[in-house]
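All values below were derived from every heavy atom in this structure, side-chain atoms included, with hydrogens, water molecules and symmetry-related copies excluded. Numbering of residues begins at 1 and proceeds along the displayed sequence. Atoms within each ligand, like the ligands themselves, are counted from 1 in listed order. Worth saying up front: this structure is predicted, and the values here are computed from it rather than measured.
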Amino acid sequence: MRYFSLNDRSHTSSFENAVVKGLAPDKGLYFPEKVVKLPASFIKDLQNLDKTEIAFRAIKEYVGSEIPDSDLIDIINETLDFDFPVVNITDDIGSLELFHGPTLAFKDVGARFMAGSLGYFIKKGNLGKITVLVATSGDTGGAVANGFLGVEGIDVVILYPKGKVSDIQEKQLTTLEQNITAIEVDGVFDDCQRMVKRAFLDTDITEKRKLTSANSINVARWLPQMFYYFLACKQLQEKDKKLVFSVPSGNFGNICAGMLAREMGLPIDHFVAANNSNDTVTNYLETSEYRSKPSVPTISNAMDVGDPSNFVRVLELFDNKYSSLKDALSGYSFDDSQTKKAIKEVYSKTGYIMDPHGAVGYLGVQEYLKGKEGYYGTFLETAHPVKFLDTVEEVIGKKVAISNSIKHLMDKEKKSLQISSYEDLKGYLLS
Ligand SMILES: *Cc1c(COP(=O)(O)O)cnc(C)c1O
């Protein structure tokens, strides 16, 4: 499979180059030259196939022959080494739990697959050592650190804003050591992001170190997210209802992978983009005019994005036709008080504890299903509620049980470098 740049269709790339570079030279996102159509017989048979086989069939053509089948299967097995259950919340709404991985959020899937792919290309070729440089507002850092831990030939440097990530998130970033370095920036997420972008353009650094990013613009992080839509449909097949997925969205990588899976043949009737107060896409779907805005902070902070970078991929999937997109996608936006109310209500009615991101997804599917019959709606529970302990415990008025692995993590010693300027970062990268 070749990938083209969404800024310039005549620029194409191999899978390997797209993974190593992240972005095209013109800063465009890479997009596969064709959407793979899977045979109806395969889709019908999902129930009888195992995880590995399903994921292999789904991604195989996007990787092509650049990773041999046996290595690709190893990467998939490592990526999907946990469960993806759909849990019934009401008769017609379920929660697709994506938090059973090592860092308790769905980003584990993309991060692990990318680490496996990049690790393979390094082992095989003459790429030399690569530094993965990322800024995180919380979940990305932990997932990337965990996914790349111990992968040979790769150093990971993660910038996070001091005092702005949750305790669990911070421990997930700062306690791993080996090839992972956590840098605590005296500033906010945007400062971290700005430093990372500047480093990528700084030839003093790029002459000495090969840098790559690991956010969801990378095809090796974006594409494998389709796996859990296949695994969900496998579980939902027997319901014999029209299927709707509601995805708590920030940068729109996750939902875009789901919409790709639908184009590939999954029997999904409709998608809901569930947004918090960062409502750029909700507004776009209402007005057909795209207007980015500065992000505003919310309790579902992994979705605090005012100009979602993957939305151009969603548009591309529908040939940039607003009317076709509208048939497949609805968007709703909910503020923090609605989110808290949903967490509280679902907990008191069913005993199920949602995290703030999942709760926005729940609200989205509930809204879409109003007055409709014959549907089953699934919202993606993108993180474990324990990652947002303060909010969740305050809302439900009860302590949330903490697993032993989290207790163990919290006992580990934090190790980070403290920096306050770009020069500090540069000094570190050149040392
Ligand atoms: C990253 C993240 C999101 C947003 O996902 P996108 O792919 O950026 O839309 C939602 N929920 C949680 C918990 C996340 O970590």
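- Shortest contact from atom 8 (O) of ligand 1 to any protein heavy atom: Asn251 N, 2.8 Å.
- Short contacts between ligand 1 and Met303, defined as distances under 4.0 Å to a heavy atom of the residue, involve ligand atoms 10 (C).
- Under 4.0 Å is where a charged nitrogen must lie from a carboxylate oxygen, and between Lys414 and Glu184 at least one such pair does.
- Taking 4.0 Å as the cut-off between side-chain N and carboxylate O, Asp139 and Lys387 count as a salt-bridged pair.
- Each of the following atoms of ligand 1 lies closer than 4.0 Å to a heavy atom of Ala383: 13 (C).
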TODO: Please lay out, stage by stage, how Glu78 and Phe113 fare under the test side-chain contact (heavy atoms from CB on, under 4.5 Å).
DONE: CA-CA 8 Å; Glu78 255 176 57; Phe113 190 86; over 6 Å; no
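- For atom 4 (C) of ligand 1, the closest non-hydrogen atom on the protein side is Gly250 N, 3.6 Å.
- Less than 4.0 angstrom separates some heavy atom of Lys107 from each of these atoms of ligand 1: 1 (C), 2 (C), 3 (C), 14 (C), 15 (O).
- Here the protein heavy atom with the shortest distance to atom 10 (C) of ligand 1 is Pro248 O, 3.6 Å.
- Between Glu393 and Lys398 no salt bridge is recorded (no basic side-chain N to carboxylate O distance below 4.0 Å).
- The nearest non-hydrogen atom to atom 5 (O) of ligand 1, considering only Phe252, Phe106, Phe311, Phe388, comes from Phe106.
- Two rings, from His11 and Phe4, have their centers 6.0 Å or more apart.
- Under 4.0 Å is where a charged nitrogen must lie from a carboxylate oxygen, and between Glu289 and Arg291 at least one such pair does.
- Salt-bridge formation is detected for the pair Glu316/Arg9: a Lys NZ or Arg NE/NH1/NH2 atom is positioned less than 4.0 Å from an Asp or Glu carboxylate oxygen.
- Here the heavy atom of the protein found nearest to atom 11 (N) of ligand 1 is Thr382 OG1, 2.8 Å.
- No close placement of the Phe84 and Phe227 rings is indicated, their centers lying 6.0 Å or farther apart.
- Between Ser216 and ligand 1, a contact under 3.5 Å exists for no N or O pair.
- Ligand 1 places these atoms under 4.0 Å from at least one heavy atom of Gly253: 6 (P), 7 (O), 9 (O).
- Ligand-side atoms of ligand 1 in range of Asn254: 7 (O), range being under 4.0 angstrom from any heavy atom.
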